[in-house]
> 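Dropping a structure here in structure tokens format, bear with me for questions.
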Amino acid sequence: MTTPLVVRVAGAIVEARPMGDAALYELVYVGDKRLLGEVIRVRGDTAMLQVFENTDGVRLGEPVVATGAPLAAQLGPGLLGGLLDGVGRPLDRLAAAAGDFIPAGIAAPTLDPARAWRFTRTAAVGTVVTTGDELGTVVEQDDFTHRVLVPPGVRGTLAALDSGDYAVESPIGALDDGTSLSLSHRWPLRLARPFAKRLAPDRPFVTGQRVFDFLFPVAEGGAAAVPGGFGTGKTVVEHSLAKYGDAELVVYVGCGERGNEMAEVVQEFPQLVHPITGRSVMSRAVLIANTSNMPVAAREASIYLGVTIAEYYRDMGYRVALMIDSISRWAEALREISSRLQEMPGEEGYPTSLSARFGTFLERAGRVTPLGARRS
């Protein structure tokens, strides 16, 4: 088989051929540095790739390697309290390996593969299990119960399952058909996780701020926008919601924010103390940072990473508050990518598909009955 080669580079957009058999949103490695990217258009034997890293120095003729899988989130114990970039790389471990400035092509799994977690089995061997059924629990952040569930699309009879200390990718058991089970699994970012039934938004989300609860009430599972110019207090509002809001977990996405504002979030979240639990908000939060000086394509992916992590904890039965600061900069990322693709622009230069893509994204929020026999 002929190795695909780079034939054109335009900022975050790279063209490669021959790639006529590439799949839309398939994950690829671009160039000698193995930059992370994904397929966003296929025309004949030429594929257009959006690269999630800085493409400076990429030359024509460098190889492109297709992985055969989409961009996916690694989900399992160890997410809480973490700081990830827009494609799920842990920034603390990247900094430990390469310093404060992330070099192109560096990679690290979202979850620490060397850390062992104490797994307590709750399902019995011989039981027929399916998507969403609980296999056992792991305690993280001292007192948070992380429920280990059967991944979507998996069904069978438990042939083996044991309590003990396991790494996130180590087998904890198996089904009778040989399917291995572990503490973690991967899920495509752009695909909504399945659930049993969507529930009516008939319960209020208590924000803890009287002006919001009285004048601008929000339903659990609903969506709300906080419009405002620079320095008008949007980030302060999000801090208040994280501290006082009636949510058990917070997923915060810094999408295109200035670096100093994201640094403020990283510094202040550990100092915010939840008035009910008495614990740091950071112990119940996942932060995703894709600041304005980071590659624009990863900014486009960051909100999908955030909602996928939120859905993962939702499936365990927890109430999760997803905060994105800001959606307008996500739309700006779409506009930049669209212009490089030479698509017909819509109003103010945004792609004509913006409203459809944003609406599809918002539909992933909501109160649901999760799959699995353990909960109603």
> Would T235 and D325 count as a side-chain contact (heavy atoms from CB on, under 4.5 Å) if you check the C-alpha gap in whole Å, the side-chain angles of each, and the deciding distance to 0.1 Å?
CA-CA 8 Å; T235 302; D325 193 1; 3.3 Å; yes
> When you measure from the centre of the six-membered ring of Y318, is the NZ or CZ of R147 closer than 6.0 Å and no more than 45° off the axis?
yes
> Is there a side-chain contact (heavy atoms from CB on, under 4.5 Å) between L80 and H146 once you walk through the steps?
CA-CA 10 Å; L80 288 184; H146 186 114; over 6 Å; no
> So for atom OH, which belongs to Y350, do other residues, nucleotides or ligands contribute more than 12 heavy atoms lying within a distance under 6.0 Å?
yes
> Are a donor atom and an acceptor atom from the side chains of T122 and E134 found within less than 3.5 Å of each other?
yes
> Do D85 and I288 pass the side-chain contact (heavy atoms from CB on, under 4.5 Å) test, and can you show the C-alpha distance, the side-chain angles, and the key distance before you say yes or no?
CA-CA 5 Å; D85 73 353; I288 298 170; over 6 Å; no
> Taking the side chain as every heavy atom from C-beta outward, state whether F361 and I324 have any pair of such atoms under 4.5 Å apart.
yes
> Quick check on the hydrophobic clustering: are I309 and F269 connected, directly or via other members, by side-chain heavy-atom contacts under 4.5 Å?
no
> For the atom pair OG (S283) and CG (D142), what is the distance rounded to the nearest 0.5 Å?
8.0 Å
> What's the shortest heavy-atom distance between F52 and V87, and which atoms?
CG-CG1, 3.6 Å
> Is there a donor-acceptor contact under 3.5 Å linking the side chains of R364 and T308?
yes
> Are V320 and E248 side-chain neighbours, meaning at least one heavy-atom pair lies under 4.5 Å?
no
> I'd like to know if R186 pairs up with E169 as an ion pair, taking the criterion as any Lys NZ or Arg NE/NH1/NH2 lying under 4.0 Å from an Asp or Glu carboxylate oxygen.
no
> Is there a donor-acceptor pair closer than 3.5 Å between any side-chain N or O of D213 and the backbone N or O of T207?
yes
> Below 4.5 Å, heavy atoms only, C-beta onward: do T110 and L84 meet side chain to side chain?
yes
> Which heavy atom in V39 sits nearest to a heavy atom in A22, and how many Å separate them?
CG2-CB, 4.2 Å
> Report whether V286 and M316 are members of the same hydrophobic cluster (ILVMFWY, side-chain heavy atoms less than 4.5 Å apart, transitive linking).
yes
> Which heavy atom of D246 sits nearest a heavy atom of R319, and at what distance?
OD1-NH2, 2.7 Å
> Counting only heavy atoms not in D202, do more than 12 fall under 6.0 Å of its CG?
yes
> Under a 4.5 Å cut-off applied to non-hydrogen side-chain atoms, are L341 and R41 in contact?
yes
> Roughly how far, to the nearest 0.5 Å, is the OG atom of S170 from the CZ atom of F119?
12.5 Å
> Please walk me through it: do R329 and E261 pass salt bridge (Lys or Arg N to Asp or Glu O under 4.0 Å)?
CA-CA 14 Å; R329 291 189 174 92; E261 290 190 354; 5.4 Å; no
> First locate atom SG of C255, then atom CD of E300, and finally report the distance between them rounded to the nearest 0.5 Å.
9.0 Å
> F205 and Y313: same hydrophobic cluster, using ILVMFWY side-chain contacts below 4.5 Å?
no
> Do S338 and E343 meet the criterion of a side-chain donor-acceptor pair at a distance under 3.5 Å?
yes
> Counting only N and O atoms by type, is there a donor-acceptor contact under 3.5 Å from the side chain of T55 to the main-chain atoms of G11?
yes
> Does a side-chain N-to-carboxylate-O contact under 4.0 Å join E140 and R118?
no
> How are the rings of F358 and W330 set to each other: parallel, tilted or perpendicular (split at 30° and 60°)?
tilted
> Distance check, rounded to the nearest 0.5 Å: L49 atom CG versus M19 atom CE?
5.5 Å
> Flag yes if more than 12 heavy atoms outside R279 fall under 6.0 Å of its CZ atom; otherwise flag no.
yes
> Of the non-hydrogen atoms in R121 and S163, which two are nearest, and what is the gap between them?
N-OG, 2.9 Å
> Using modelled atom types only, decide if a donor and an acceptor are shared between the side chain of T360 and the backbone of A356 within a distance under 3.5 Å.
yes
> Specify the closest pair of heavy atoms between G37 and L27, including all atoms of both residues, with the distance to one decimal.
O-CD1, 3.3 Å
> Answer yes or no: is there a side-chain heavy-atom contact under 4.5 Å between V14 and L35?
no
> Salt bridge check: are D165 and R115 linked by an N-O gap of less than 4.0 Å?
no
> Counting distance only, does the side-chain N/O of T127 pair as donor-acceptor with the main-chain N or O of V129 below 3.5 Å?
no
> Answer yes or no: is there a donor N or O on one side and an acceptor on the other, between the side chain of E26 and the main chain of A23, under 3.5 Å?
yes
> Passes side-chain contact (heavy atoms from CB on, under 4.5 Å), R357 versus R190? Steps please.
CA-CA 11 Å; R357 296 184 66 171; R190 301 177 192 279; 4.0 Å; yes
> For Y312, does the six-membered ring have the charged nitrogen or CZ of R193 within the cation-pi criterion, i.e. under 6.0 angstrom from the centroid and within 45° of the normal?
no
> Taking the side chain as every heavy atom from C-beta outward, state whether R59 and D32 have any atom pair closer than 4.5 Å.
yes
> Is there a donor-acceptor contact under 3.5 Å from the side chain of N290 to the main chain of R299?
yes
> Distance-only, no hydrogens or angles: does the R367 side chain make a donor-acceptor pair with backbone N or O of A219 under 3.5 Å?
no
> In Å and rounded to the nearest 0.5 Å, what is the CD to OG distance from Q141 to S280?
8.5 Å
> Linking I/L/V/M/F/W/Y whenever any side-chain heavy atoms sit under 4.5 Å apart, do V296 and L36 land together?
no
> Report yes or no: do L322 and V250 belong to one cluster of Ile/Leu/Val/Met/Phe/Trp/Tyr joined by side chain heavy-atom distances under 4.5 Å?
no
> Regarding E336 and R340, does a basic nitrogen lie under 4.0 Å from an acidic carboxylate oxygen?
yes
> Within a strict 4.5 Å, meaning less than it, do heavy atoms of the L189 and Y25 side chains meet?
no
> T130 and R155: which non-hydrogen atoms are nearest, and at how many Å?
CB-NH1, 3.6 Å
> Output the distance between atom CG (L94) and atom CD1 (I106), rounded to the nearest 0.5 Å.
5.0 Å
> P77 versus W117: any side-chain heavy-atom pair under 4.5 Å?
yes
> List the steps and the verdict of salt bridge (Lys or Arg N to Asp or Glu O under 4.0 Å) for E53 and R89.
CA-CA 12 Å; E53 303 182 66; R89 298 179 300 183; 3.5 Å; yes
